[in-house]
Q: 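After the structure tokens below, expect a handful of questions from me.
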Amino acid sequence: MSHKRRIHDAIVGLLVTVGVVLGHYVSVHWFLLPAVIGVTLIQSSVTGFCPVYFVLDRLLPSDSTADPSSCCAK
């Protein structure tokens, strides 16, 4: 598994978990965070654009196993 994919999975998993915990203990409005992430994941599967990968492609150097269809693959 590539380094960027592991970072992506960690970020998304952390945000979903934080959203659920805050939604349970603080306010139900925090449940919007995992809902938005879910919609973004569905949108990403259809369009191929993921905001997290967009940022990671600019912050981290390219992996040697980068997807050639990526907008930022060299």
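From a predicted model like this one, the values you see are computed outputs, not experimental measurements.
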Q: Check for me, please, whether V18 and V26 land in the same ILVMFWY cluster - side-chain distances under 4.5 Å, paths through other members count.
A: yes
Q: Show, in sequence, the C-alpha distance, side-chain angles and deciding distance for L33 and L22, and conclude whether the side-chain contact (heavy atoms from CB on, under 4.5 Å) test is met.
A: CA-CA 10 Å; L33 179 63; L22 289 173; over 6 Å; no
Q: Could you state the interatomic distance from NE2 (H8) to OG (S44), rounded to the nearest 0.5 Å?
A: 6.5 Å
Q: Mind checking what makes side-chain contact (heavy atoms from CB on, under 4.5 Å) contact with V21, not counting sequence neighbours?
A: T17, Y25
Q: List the atom of V20, the atom of F31, and the distance in Å for their closest heavy-atom pair.
A: O-CE2, 3.7 Å
Q: Would you give the length of the straight line joining atom CG of L32 to atom NE2 of H29, rounded to the nearest 0.5 angstrom?
A: 7.0 Å
Q: Under 3.5 Å, side chain of T40 to main-chain N/O of V36, donor-acceptor pair present?
A: yes
Q: Which heavy atom of L56 sits nearest to which heavy atom of K4, and what is that distance?
A: CD1-O, 3.6 Å
Q: Would you compute the distance between atom OH of Y53 and atom CZ of R5 and round it to the nearest 0.5 angstrom?
A: 5.5 Å
Q: My understanding is that only residues two or more places apart in sequence, or in another chain, count here; which of them pass side-chain hydrogen bond (donor to acceptor under 3.5 Å, both in side chains) with S45?
A: none
Q: Say whether I11 and I37 are linked into one hydrophobic cluster, either directly or through other cluster members, by side-chain heavy-atom distances under 4.5 angstrom.
A: yes
